[in-house]
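Chain naming here is simple, since letters A, B, ... match the order of the sequence lines and numbering starts at 1 in each.
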Amino acid sequence: MSGYNYEEDSPLANKSNIPEKSFLESLSDDGLLEYIAGLSQEQGEDHGEQYSRGDYFHDKQKRQEKQDREFRERYGNGSELFSGISIYVNGFTKPGRLQLHEMVVANGGKFVHFLSCKGRVSHIIASNLPLKKRVELASYKICRPEWIVDSIEEGKLLPWQDYALLSDQDEIQPKLPQTAIVSCKHPDFLKQFFSKSRLHHLSNWKSDLRAEFCERFLEKPLRIPGKSEVVTVFHIDFDCFFASVSAAANGFDIHAEPIVVCHGTKNSDIASCNYEARRYGIRNGMWVGTAVRMMPRGKKLVRLGYDFEQFELMSKRFYQILHDSQFELVLPISIDEAVCVTGYLTHSECELICRGIRENVSNVTNGCTVSIGCGGSLVLARLALKRSKPDGYQIVDCDGLDDVFWSHLKIEDLPGVGHSLACKISEYSYPPIGNLLELRQMAQDSLRRCVGEKMGNKIYLAVRGKDDEESCKMIYEPRQFFQRKSLSIDINWGIRFDTIYEIDEFIDRCTQYLIDKLRELDKKTSQLTLKIMKRSKDEAIEPPKYLGMGKCDPVARSTRLGVPTDEFGVIATEIKSTFRSLCCPPRELRGIAIQFNKLEKTASNQAKLPFVDAKIYQNLPSDVKSEIGRELNKRSINIRRTAPKRINSYQEQFIQELPTQIRGEVENEIHITNKVNKTKFDEIKEQVAKRQNEKVNAKSHFLGENTILLPIKFQNQTNFKKIIQLVMNWVDGTIRSQGPHEKDLRLFEKYLQRLSDTNRLPLVLRICKLISVKLELRSEFFSHCNGFQEWEKVLLQMILPKLNKNKHTFQTVRKLDIDFDT
DNA sequence: TCTTTTGAACAG
DNA sequence: CATCGCTGTTCAAAAGA
Ligand SMILES: Nc1ccn([C@H]2C[C@H](O)[C@@H](COP(=O)(O)OP(=O)(O)OP(=O)(O)O)O2)c(=O)n1
């Protein structure tokens, strides 16, 4: 077990180099606490080591090494040429793997068959390495086999750099900067993904604009129009924004040919297409493959990439122009779209403004055009905008609302009405309603019956050119309207995990991402929601879109925290525990979303005193402990023993059963989960549960103490070890075929239920653990079998919920991976 | 009956 | 290579109380 090397790596070791101020002294209070926690963790991870597939290879390697020694004794000439060097051969080489093996071993080197663990291999030998592999192995020294041959010939170790594989190939292939393969398991996945996600940019830009609006508002309170005032609304929006900007940036004429902005070639979303492309029926949000098929034979579709910086820049200039104009309000809708409000203006005044803005924007954006809709209400401006596109403007006067205007608009053109509602409305009456002129005939009541109370109202007003109350808030209470009410992260692309650990880590990273934002807002949250996307039954493992989510079943669960918090530990633990309660097999997960639903202002009066937990302090490496102790003392930071917890008897019993080396870890986890549960709200729940428990206990006492001690039989067997044996055989016998028989399963469930009813939950846990290990072992060959999947289901949907139901927070899947020696 | 949670829909 | 299917909001039905 190799420990963390404090001599070399600890910044403490360098303190002599910084005579004025020691490393510890240079840290802020928070920094110091974090550093201490870090040390403690790094130590903790060491005992986390456990039996794994790697060990198998390790053993195999040991045997190989023995053989090699024998080989060397017999055939070697005592040369130490490759002493201290261990090589691994990748792919086809000349000379071949076997010869290289003998050459290296005969000359005192080591030959490694598996790249199981970094650090064991010093050099990789390869003649040819595919890009993927090359990136994967980027941190190794990789060279051609000639290095071995020539070194032996010369009788001395030649510099491997002269034979490096990468150097010459890199010149041939143009450098692909930073295209390292970053899967969802990689710490940088989020960053990578977001940097290329248009929807992430769109969302982020929007919240930034809203935040900026609120700030501006604080600085210089704007005059908000009174409700009875006549207003003029300008709704301004770029024509096919991404397409226009990308085209201009790449020197394409937006009017000359059909252009789309996208990443890929087939199942890639089209973010924006120009009006030339729309002539063929191509629309934003379509897949490229579909769009290509819509093109006439022989006509080419131009694909352009994203240029987010350029989008942002053009938007800045656009908004600058709006702010410089004399509007009373400039309300941000999105990166390329804004609503501007003034008091009453005549038709010709409106016309002047529209022309001016269109001219000005085009001038500073390389000819990108905006269209403008102008009217006496939000909805009229919105509809006028629709009619004005592309590259135009339309002003609708209140009295000029003619039938032509309405008949040219479709139901989906109404704000808030999408495909689903449009279908519903259209089919509600016969003949089906096709345009807004027809919709105007529909009675308010039947509209409400059709689409619900609020939406019915809204639509009824909208087709009469009026805004409903909710929409009006944007103008009359803009501050409240643009105030952020929740905070969330959604990842539904690239999610492919194998184990719950990996998901845990991912959840940690997502939580950290959210908490950073939360703290920046100076807020806390009191309600969390976890939403996951789970591959739908009967859907292919890999959907058409590369790393896409495919068709999924969404499942969500929310949690209330008794006290608002911004603490990572509390939130991350809660989310991870929620994830487990959703019982999703790791491999079936296709998307994760975490939301902070309720945001509350951080109360400034109850600032927390910093302290260090005594247990963490005790776990510090001894060489730094005293020094840290002095530093803490100097700053009057307490080392505090956290209040002794009421550990319920299950937990105590469970812990005593554990091998000592993992006891600490489990205790620690229980500590974390208890912390979550110790919120006020849960305390009440706990008390209620406790009272009920007491009742049950009293009852079982009444029935006779021996209920707890009475042996429980399964298949007429009382010896637990034998029962386990039986179950294991059962699993093995059915894993390749159809899985457990329903009748057997019912008996087994009954047995488990009786175990858990009689305080013998650790035994259930043990069975659970053993089955899970068995599945893990068999997964390599049988994971596609019906039986395997059935057993996985039994584990996740029958056994695990039993453990969870008893309010034991320790019996997560993670805990089940602890090694028992049976 | 009222409140809370969940899920659907929508927008860009 | 592919591909980057986010995120905040509102409403209503369902589920509790
Ligand atoms: N499904 C969508 C819709 C929009 N966008 C992006 C690209 C658009 O350029 C930008 C603005 O959206 P709009 O709805 O305003 O669409 P366009 O500006 O592309 O076209 P239009 O002229 O219809 O406004 O948002 C996107 O990425 N994916």
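No contact: K206(A) has no heavy atom under 4.0 Å from any strand. Nucleic acid contact for E542(A): none, since no nucleic acid atom lies under 4.0 Å from a heavy atom of the residue. Contacts of I335(A) with the nucleic acid, taken as non-hydrogen atoms under 4.0 Å apart, are absent. Using a 4.0 Å heavy-atom criterion, one finds that G305(A) contacts no nucleic acid atom at all. At a threshold of 4.0 angstrom between heavy atoms, the contacts of G494(A) with the nucleic acid are absent. Residue contacts shown for E412(A) are absent, as no nucleic acid heavy atom lies under 4.0 Å away. Note on H201(A): nothing from the nucleic acid sits closer than 4.0 angstrom, heavy atoms only. If you check every strand for non-hydrogen atoms under 4.0 Å, E470(A) touches sugar and phosphate atoms only. At the heavy-atom level, D336(A) lies under 4.0 Å from the strands shown only through sugar-phosphate atoms.
For R479(A) and F482(A), the positive end is not near the middle of the six-membered ring at less than 6.0 Å and at most 45° from its axis. A cation-pi arrangement is not found for R216(A) relative to F213(A), the charged atom failing to lie both closer than 6.0 Å to the ring centre and inside a 45° cone about the ring normal.
At dT9(C), none of the side-chain N or O atoms of Q483(A) fall inside 4.0 Å of OP1 or OP2 (strictly under the cut-off). Taking 4.0 angstrom as the limit, R557(A) places none of its side-chain polar atoms (N or O) nearer than this to OP1 or OP2 of dG7(B). The shortest distance between the side-chain N/O atoms of T529(A) and the OP1/OP2 oxygens of dT5(B) is not below 4.0 Å.
More than 12 heavy atoms of other shown residues, nucleotides or ligands fall within 6.0 angstrom of atom NE2 in H186(A).
In this structure the side chain of S315(A) reaches within 4.5 angstrom of the side chain of Y319(A), judged on heavy atoms.
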Decide yes or no on side chain to side chain contact (heavy atoms under 4.5 Å, CB included) for I236(A) and I333(A), but give the supporting numbers first.
CA-CA 9 Å; I236(A) 312 171; I333(A) 303 297; over 6 Å; no
Review item, nucleotides 2-4 of chain C N/O atoms under 3.5 Å of protein N/O:
{"unit_1": "dA2(C)", "atom_1": "N6", "unit_2": "Y546(A)", "atom_2": "OH", "d": "3.1"}
{"unit_1": "dA2(C)", "atom_1": "N1", "unit_2": "Y546(A)", "atom_2": "OH", "d": "3.2"}
{"unit_1": "dT3(C)", "atom_1": "OP1", "unit_2": "K266(A)", "atom_2": "N", "d": "3.4"}
{"unit_1": "dT3(C)", "atom_1": "OP1", "unit_2": "N267(A)", "atom_2": "N", "d": "2.6"}
{"unit_1": "dT3(C)", "atom_1": "OP2", "unit_2": "T265(A)", "atom_2": "N", "d": "2.3"}
{"unit_1": "dT3(C)", "atom_1": "OP2", "unit_2": "K266(A)", "atom_2": "N", "d": "3.3"}
{"unit_1": "dC4(C)", "atom_1": "OP1", "unit_2": "D269(A)", "atom_2": "N", "d": "3.1"}
{"unit_1": "dC4(C)", "atom_1": "OP1", "unit_2": "K545(A)", "atom_2": "NZ", "d": "2.7"}
{"unit_1": "dC4(C)", "atom_1": "OP2", "unit_2": "S268(A)", "atom_2": "OG", "d": "2.6"}
{"unit_1": "dC4(C)", "atom_1": "N4", "unit_2": "K196(A)", "atom_2": "NZ", "d": "3.3"}

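H263(A) places a side-chain N or O within donor-acceptor distance of the main-chain N or O of K196(A), the cut-off being under 3.5 Å.
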